[in-house]
Every structure is written in structure tokens, then in C-alpha cells.
Amino acid sequence: MLLSLAFAIAVASSPQQVVQEPGSNLSVYLVTFGQGDEIYERFGHNAIWIRDPDAQTDIAYNWGEFNFDQPGFYRRFLMGRMIYEMRARPMADMIYAYQQYDRSIWAQELNLTPAQKRALHEFVIWNEQPENKDYRYDYYRDNCSTRVRDALDRALGGALKRALLPRKTDATYRSHTKRLMIGEELVLTGMNLAMGPAIDQPLTLWEEAFIPMELQEAVRLVTVSGPNGETVPLVKTERTLFQSSRPDPPDTAPNYLPVYLIIGLAIAAALLVFGSLRARWANILFRTLAVFWTFTIGLLGLLITFLWIVTDHSVTYRNENALQANPLVLMLCVGLILVWLGRTRSLKFTVRTALVVSGLASLGLIIQLLPDLNQVNADIIALLLPAHVAIAWLLASGRAHPQDLAARRSSL
């Protein structure tokens, strides 16, 4: 009896060992990287950073890795079948690399429960394995940022999606693309030409998180249940790890329509002036410009058709820009060359083709008034329509015919 009492007293007086809940030792951060110089860096980047003091590791997990040297890279890119991979890197290495490229780095510590931290940690370790790391990339709907968003939402039991999906914005995939591509207007023009109405629908905050900087903003609005059931902000703390010297991107997309319209009207005016003047040099300039224009736009039309019909790029489907740039324009180019080489039998075909090209382009402007055809392509119409109309008028009026060329030569 005395022995039992002594044992009980000894146990009661000994230090109590606290059992730590698995995952409570981990710290989880959403890391956001600002814009870079390359086209694919203009949208920023992000990663999930997990600190494990017990294992003495600081690992950043990101879903934005690709390799230009991978077999079939350019074919996959063209066909819309890009393969990206998830990769883990020491956080110190990522900080150093992004500092060298003068890209801002922000870290937001997240208020996750130990169970959520553990679940997230287990998921990213599983995802890092060679058999799980690859995924089919989509630059708007399944990219490095949406993968980070989805991983966090998975750990939170869907709380992130429930908070962000109902919140509507006025932004679209296209408007974000325009504002983030400032300084790359030629590339932006090609992107706007190639992409259809799928990128013109208003986004929710959930969809808008395809941009890392928007996900960074969105998580600040989210609250979650704390350890004792109380409501707490999802973002526990924030800090800037590196501040770039780059200017911040604008909050809204610039209006390029006046610039495109001026360029389009200038090209049309040049065609009309050179096509109307009775001088050999003007005729040469007109023909050179007309052939260059129709050849270039015709090739772009072939590309638009290919992207729509053949590839897996979902954002290139139902592209109304096919009314402005299509294979008929390339046929017009061939017709112009044949006519100017003296093949007068091709004249009627060439004039009719020019009128059809002009008519289709004009139809693209008219359908902007229809509610169900709401592709935002006024820029492209303003750029291409005037020249199509100018060429059609010059051909239909006889000013660009070989007979007119003979008259010009006799007047010299």
C-alpha cells in the first residue's frame, strides 16, 4: 500500500510530456513572385513554402516548371498539349534566383490547423513524385497559380473555393492579359487575334486566381475556422522578402482601340493613294503593299483556322476574327499576283474574292451588335477591316486592273 502510494506521488510530481499534434510544427506560406522580362513571366509566379523545423527544411513547391528541350516541346505548344511539372526546391534557392531577375517576392503565412498543414504537406510530397508531377497545362484554367490555389483549397476542405467562387468581378481573361502585357503590344496583338470569346466572360475571384498576384490579393479576403472554432483571417502575417525596382502593372487594361484604328486607317489610306495615283512608282508601291498585306493576313487566317479546328486550345474556338483573317485572303493574294502578271482570266475571280473578303470583314463588325456574339475584338476589326475595304474598292472600280496600268504607263 505504501509502495503504491509512493509510485502515484512520483508520477504526479514528474514533468508532464506534452504530446504535439502532428503538423503543428509546420509553417505554411503562400509565396508570390512578381513579373519578369520574358513573355511567360509577365503573369508572375507563386509557390507553397513549407517550413519544418524538426526536419530542418525550408522547401518551396511550385507547379511552373517546363523544359524547352523536352521531346516535342514546340509541337505540344502549338497543339495546346503543353506538359508542365511540379517541383520542390529549397526556398533559399528560389529567393536567390528571383532576386537575380529583379522580381519581387512576397510571403503570406497562412492560418492552417495542424491537421490541414499535415494534409497539405503530405499532398505536395505525393505530388512531387515522378509518377505524379506532370500535368496538362492550360495558361488560364490550369496553370502554376491555379494548382497552388487548388492545393490550398484541398487542405482547407473547400473553404477557399466557397469564399471566392460567389464573388464576381468586372475583369476577364482578356483584360488581365492586356494589362499585364504592356510593352509587348506586337505579341499581344497576335494573342488577341488568335483567341476567341472564351476569354471574354467576367471572372469570379476563384477564376481570377489564375494570376498569382490576384491569388495573393484574394486570400486576404478569406476567413477560416481557428483551433477553437473562432473565425480568423486565412492570412496570419505578410512580409516582403524582396522588392523589385520594376513598376507595378496597371490595375486596368489600357484602351488600344484608337491606336489600332489609326494604324488600320493609315494602311487603307496608303493603299487608296498608291492605287489611285497614275504613276509607275505608286503602282509598284500599291502592288507591293497589297501583296504583302493579303499574304500576311492570309497566313494568319490559316493559323486561326488551324488553332480553332485542329488544336486543343479551347480559347481559340469560335473565333470571330476568322471573319477578318481567313484563308480566302490568301486566295486573294494569289489572284492579285496572277492578274498583275497578265492573267486577265483571273480578274473576275480576284474581284469577287476581294468583295467576299471585304464583306466577311464587314459582317464581323455588324455582329458586334448581336447579344450572343460578344467577342471583344474591336481592336482587330479596326486594324484589318479598313484595308480589306480599300482593296475591294480599288479592284471593283477598275483602278487596280492591268488595263489601268497600261493607261498609267502611256501617260508617263
Side-chain angles (χ1 to χ4, degrees), residues 28-50 58-74 76-78 80-108 110 120-121 123-155 160 173 176-177 180-181 184 187 191 206-219 241-242 244 246 249 312-315:
V28 175
Y29 300 82
L30 169 62
V31 184
T32 305
F33 304 95
Q35 289 183 307
D37 293 326
E38 302 296 335
I39 299 298
Y40 53 84
E41 296 174 341
R42 301 306 295 267
F43 291 78
H45 188 41
N46 55 10
I48 294 173
W49 170 24
I50 299 181
D58 277 289
I59 304 297
Y61 301 88
N62 85 96
W63 284 261
E65 302 285 340
F66 67 93
N67 185 358
F68 286 112
D69 296 325
Q70 78 177 220
F73 174 86
Y74 294 101
R76 290 176 184 272
F77 174 76
L78 180 63
R81 301 167 189 167
M82 286 279 290
I83 300 298
Y84 272 49
E85 67 178 60
M86 185 265 213
R87 190 177 297 177
R89 297 181 180 273
M91 185 58 190
D93 291 352
M94 289 199 76
I95 291 176
Y96 177 79
Y98 280 84
Q99 281 180 327
Q100 300 309 300
Y101 290 106
D102 191 28
R103 298 178 65 178
S104 294
I105 309 170
W106 303 278
Q108 296 168 293
L110 302 181
L120 179 60
H121 197 201
F123 172 73
V124 294
I125 290 174
W126 169 86
N127 204 169
E128 184 196 359
Q129 301 309 305
E131 64 273 20
N132 304 322
K133 64 183 178 63
D134 293 340
Y135 71 97
R136 180 82 165 268
Y137 179 84
D138 182 292
Y139 28 77
Y140 288 126
R141 297 180 178 88
D142 195 355
N143 65 10
C144 62
S145 188
T146 63
R147 288 272 165 162
V148 168
R149 176 201 67 188
D150 293 349
L152 294 177
D153 186 58
R154 185 178 186 274
L160 189 60
Y173 290 125
H176 277 303
T177 301
L180 294 173
M181 290 292 289
E184 299 290 346
V187 175
M191 294 172 68
W206 174 258
E207 295 167 321
E208 200 175 40
F210 83 97
I211 298 174
M213 293 81 81
E214 295 301 323
L215 179 59
Q216 177 192 24
E217 293 282 346
V219 295
L241 303 182
F242 176 74
S244 168
R246 302 173 188 273
D312 293 343
H313 292 284
S314 60
V315 296

Is the shortest heavy-atom distance from the side chain of Met94 to the side chain of Leu241 under 4.5 Å? no

Would you please test Phe73 and Met82 for side-chain contact (heavy atoms from CB on, under 4.5 Å) and show each step? CA-CA 7 Å; Phe73 174 86; Met82 286 279 290; 3.6 Å; yes

Under the rule for salt bridge (Lys or Arg N to Asp or Glu O under 4.0 Å), what residues qualify as partners of Arg76, not counting sequence neighbours? none

Pair listing, ring pair (Phe, Tyr, Trp, His ring centres under 6.0 Å) test, anchored in residues 80-104, at least two apart: Phe33-Tyr98, Phe66-Tyr84, Tyr84-Tyr137

Counterpart residues, side chain to side chain contact (heavy atoms under 4.5 Å, CB included), relative to Thr177 (two or more places apart): Phe43, Tyr140, Met181, Leu188, Met191

According to ring pair (Phe, Tyr, Trp, His ring centres under 6.0 Å), who are the partners of Tyr61, at least two apart in sequence or on a separate chain? none

Sequence neighbours excluded, the answer for side chain to side chain contact (heavy atoms under 4.5 Å, CB included) partners of Ala209 is Arg149, Leu215

One pair to check against side-chain contact (heavy atoms from CB on, under 4.5 Å): His45 and Val148. What are the steps and the verdict? CA-CA 10 Å; His45 188 41; Val148 168; over 6 Å; no

Hey, could you give me the CD1/CD distance between Ile83 and Gln70, rounded to the nearest 0.5 Å? 7.0 Å

Can you tell me how far apart CG (Leu110) and CG (Leu160) are? Round to the nearest 0.5 Å. 9.5 Å

Quick check: does any side chain N or O of Thr32 sit under 3.5 Å from a backbone N or O of Met213, one acting as donor and the other as acceptor? no

Spacing of Leu152 atom CG and Leu30 atom CG [to the nearest 0.5 Å]: 6.0 Å

Between atom CD of Gln100 and atom CD1 of Ile95, what is the distance when rounded to the nearest 0.5 Å? 12.0 Å

Taking all non-hydrogen atoms of both residues into account, name the closest pair between Ser244 and Ser104 and its distance. N-OG, 2.8 Å

Partners passing side chain to side chain contact (heavy atoms under 4.5 Å, CB included) against Asn132 (at least two apart in sequence or in another chain): Trp126, Asn127, Gln129

How far does CG of Asn46 sit from CG of Asn143, to the nearest 0.5 angstrom? 8.0 Å

Applying salt bridge (Lys or Arg N to Asp or Glu O under 4.0 Å) as the test, list every pair that has at least one member in residues 87-105; sequence neighbours left out. Glu41-Arg103, Glu65-Arg87, Glu65-Arg89, Glu85-Arg87

All side chain to side chain contact (heavy atoms under 4.5 Å, CB included) counterparts of Asp69, not counting sequence neighbours: Asn67

Minimum heavy-atom distance Arg42-Gly36, with the two atoms named: CD-O, 3.3 Å

Taking all non-hydrogen atoms of both residues into account, name the closest pair between Gly80 and Asp312 and its distance. O-CB, 3.8 Å

Test salt bridge (charged side-chain N to carboxylate O under 4.0 Å, His left out), reference Arg147, set Asp138, Asp142, Asp134, output is Asp142

Euclidean distance, Gln35 CD relative to Ile211 CD1, rounded to 0.5 Å: 9.5 Å

Distance-only side-chain donor-acceptor flag, His313 / Tyr139, under 3.5 Å: yes

State which residues pass side-chain hydrogen bond (donor to acceptor under 3.5 Å, both in side chains) with Asp150; sequence neighbours excluded, sorted by chain then number. none

Qualifying residues under salt bridge (Lys or Arg N to Asp or Glu O under 4.0 Å), relative to Asp153, sequence neighbours excluded: none

Ile59 and Ile50, any side-chain heavy atoms less than 4.5 Å apart: no

Those residues at least two apart in sequence (or on a different chain) that pass salt bridge (Lys or Arg N to Asp or Glu O under 4.0 Å) with Asp58 are Arg51

Do His176 and Phe210 have side chains that get closer than 4.5 Å, going by heavy atoms? yes

Checking Phe77 now: which residues fulfil ring pair (Phe, Tyr, Trp, His ring centres under 6.0 Å) with it, not counting sequence neighbours? none

